[in-house]
2 protein chains.
Amino acid sequence: MFSEEDITTSFYNLLEGVMRLYKLLPDGRRQIVGFALSGDFLGMNISGRHNFSADAIGTVTVCQFAKAPFGRFIEGRPHLLRRINELAIRELSQARDHMVLLGRRSAEEKVATFLLGWRERLVSLKGSSDMVPLPMSRQDIADYLGLTIETVSRTFTKLERDGVIEIIHGGISLLDPARVEALAAA
Amino acid sequence: MFSEEDITTSFYNLLEGVMRLYKLLPDGRRQIVGFALSGDFLGMNISGRHNFSADAIGTVTVCQFAKAPFGRFIEGRPHLLRRINELAIRELSQARDHMVLLGRRSAEEKVATFLLGWRERLVSLKGSSDMVPLPMSRQDIADYLGLTIETVSRTFTKLERDGVIEIIHGGISLLDPARVEALAAA
DNA sequence: CGAATCGTTGAAAGCAGTCAACTAGGGTGG
DNA sequence: CCACCCTAGTTGACTGCTTTCAACGATTCG
């Protein structure tokens, strides 16, 4: 879709589908900084470059805004700028929460927290459910949580053995949501 | 200074000194999400609560703005709002960089990256120097890098044994900045 | 049906964490 | 002025969680 070095000439509004947002180290290590869902804005950078790369997981529909005219459009509408600002603040808050997860949580806590967080995000789109679809790969989840693919897999299996979740093709079913929350430890 | 739950009734501009910005898990684990230096803004949340706690490292001088009047003041000044927005975007970018560090870097890379980053931030305030003052404690550094105090200490001594840095009281001297950069691996 | 990709599982290694002892300053009170 | 204490930092020994390496299983697609 676009990568970190690209000059931002456009914003995007994700209308449908899922995207991964990530950064790469020179040696190829990847950290996924977030997943984008329907309704999310990408590339709010008014000027300059993107600070992350993004690509689609499956098929996506995006609405592209050329930056320049959008900038002019926004000029006379401070409430809109304010809205954008609040969006940035919210993302910043999420980013900080994720820092706590990456720096201070165990593998099991990471996975449990991820499942709950992902489910929560889907609530507003598809309604609440104990069935949590996971369109992204294990590698994506690992790179999001700062783990390896094997640890993610093992943790899922452990949670399943403990009767907390059930591994479904394409997702996870929360058999005991309360216990998942307990494992997430806030 | 203020904590995560506080309703934000004020912004702050840090005029002098250093502050740590952090989040706590219920069990007391701490993740420092950033350090604030002279000139930095705190609590850009237009409305709602702070999403992190903050307190001073040593003595600080801050300029406090009441939120409400400041909000009115900003009303007719879209360029200022825009400025605030760019600040938020920059912080977001830094937050994402730090995610990469927390999720994908080794202890040595973390420490080296931290030293370089901290030095870089001090450049604009005190000018460039190979002597990097560290006003924060080892515990603060550990909580910033997602490590333990012991690992931070051991990593410093390893770097010193390797002749890359020298541990000074109250800071670190970069004996071989190029090698530190190599260890930071980007 | 075979190839390729993704995910799971096992065994072993290693990096960072834990526990604990020790050292070095810095401040305080006798 | 010195003895004491208290905190911050260092170091060592050991543990253990996560990674690494490797093989295996499952699903998809040509």
Side-chain angles (χ1 to χ4, degrees), chain A residues 18 20 25 27-32 55 57-59 101-115 132-162 164-173 183 185, chain B residues 18 20 25 27-32 57-59 101-115 132-162 165-173 183 185:
Chain A
V18 184
R20 59 179 157 249
L25 289 175
D27 63 2
R29 282 175 287 179
R30 184 178 67 158
Q31 176 66 46
I32 292 187
D55 48 36
I57 298 174
T59 59
L101 178 142
L102 289 170
R104 285 298 176 226
R105 283 164 128 54
S106 69
E108 197 172 68
E109 290 172 327
K110 285 178 176 179
V111 169
T113 304
F114 166 68
L115 286 176
V132 184
L134 297 177
M136 71 291 283
S137 71
R138 296 298 145 107
Q139 186 64 63
D140 288 336
I141 298 174
D143 287 347
Y144 181 59
L145 299 177
L147 298 171
T148 60
I149 184 175
E150 293 95 331
T151 301
V152 171
S153 185
R154 268 187 263 271
T155 306
F156 276 146
T157 319
K158 178 180 181 306
L159 293 181
E160 187 173 46
R161 269 202 311 272
D162 295 350
V164 181
I165 65 171
E166 192 182 352
I167 304 173
I168 311 278
H169 181 71
I172 296 287
S173 180
L183 289 172
Chain B
V18 184
R20 60 179 156 250
L25 288 175
D27 63 4
R29 280 175 288 179
R30 185 177 69 158
Q31 176 66 46
I32 291 187
I57 297 174
T59 58
L101 178 142
L102 290 170
R104 286 293 174 232
R105 288 174 115 81
S106 69
E108 197 172 65
E109 290 172 326
K110 285 177 176 179
V111 170
T113 305
F114 165 69
L115 285 176
V132 184
L134 297 176
M136 71 291 284
S137 71
R138 298 297 146 106
Q139 186 64 63
D140 288 337
I141 299 174
D143 286 348
Y144 181 59
L145 299 177
L147 298 170
T148 60
I149 183 175
E150 293 95 332
T151 301
V152 171
S153 186
R154 267 188 263 270
T155 306
F156 275 146
T157 42
K158 179 181 182 302
L159 293 181
E160 187 173 47
R161 270 202 311 271
D162 295 350
I165 65 171
E166 192 183 354
I167 303 174
I168 311 279
H169 181 71
I172 296 287
S173 182
L183 289 171

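Note that these values count all heavy atoms, side chains included, but never hydrogens, waters or copies made by symmetry. Lettering of chains follows the sequences in order, A, B, ..., and the numbering in each one begins at 1.
Between B:Val132 and B:Phe114, the closest side-chain pair of non-hydrogen atoms is not below 4.5 Å.
Close to C:dT8, at under 4.0 Å from its OP1 or OP2, lies no side-chain N or O of A:Thr157. OP1 or OP2 of C:dG26 has at least one side-chain nitrogen or oxygen of B:His169 nearer than 4.0 Å.
Looking at B:Glu108, its side chain has no donor and acceptor atom pair within 3.5 Å of the base of C:dC15.
Looking at heavy-atom distances under 4.0 Å, A:Ser153 makes contact with a base. Looking at heavy-atom distances under 4.0 Å, A:Ser137 makes contact with sugar-phosphate atoms alone, never a base. A:Gly146 comes within contact range of the sugar-phosphate backbone alone, with a heavy-atom separation under 4.0 Å but no base atom that close.
Distance CZ (A:Arg138) to C1' (C:dT8): 9 Å, rounded to an integer number of Å. Rounded to a whole Å, the CD1 atom of B:Ile168 is 16 Å from the C1' atom of C:dG25. Taking atom CZ of residue A:Arg154 and atom P of nucleotide C:dA11, one finds them 11 Å apart after rounding to whole Å. The distance from atom CD1 of B:Ile167 to atom C1' of C:dG25 is 15 Å, rounded to the nearest whole Å. Taking atom CG of B:Leu145 as the reference point, atom C1' of C:dG17 lies 15 Å away to the nearest angstrom. One atom, CZ of B:Arg104, and another, C1' of C:dA16, lie 16 Å apart when rounded to the nearest Å. Following rounding to the nearest Å, A:Leu134 (CG) and C:dG7 (P) show an atom-to-atom distance of 10 Å. Remark: P of C:dA24 and CZ of B:Phe156 are 20 Å apart, rounded to the nearest angstrom.
Panel note: side chain A:Thr157, backbone A:Ser153; a donor-acceptor pair is recorded below 3.5 Å. Distance alone, capped at 3.5 Å, is enough to place a donor-acceptor pair between the B:Gln31 side chain and the B:Asp143 backbone. Between the side chain of A:Arg104 and the backbone N or O of B:Leu147, at least one donor-acceptor pair lies under 3.5 Å. B:Arg20 contributes no side-chain N or O that, together with a main-chain N or O of B:Tyr144, makes up a donor-acceptor pair within less than 3.5 Å.
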Check against side-chain contact (heavy atoms from CB on, under 4.5 Å), A:Gln139 and A:Arg30: CA-CA 10 Å; A:Gln139 186 64 63; A:Arg30 184 178 67 158; 3.8 Å; yes
Worked check of side-chain contact (heavy atoms from CB on, under 4.5 Å) between A:Arg105 and A:Leu145: CA-CA 10 Å; A:Arg105 283 164 128 54; A:Leu145 299 177; over 6 Å; no
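A nucleotide of DNA chain D counts as in contact with chain B when one of its atoms lies under 4.0 Å from a heavy atom; the first and last such, 5' to 3', are D:dG9 to D:dA13.
If A:Glu150 and A:Ser106 are placed on DNA chain D by their nearest nucleotide, the residue sitting closer to the 5' end is A:Ser106.
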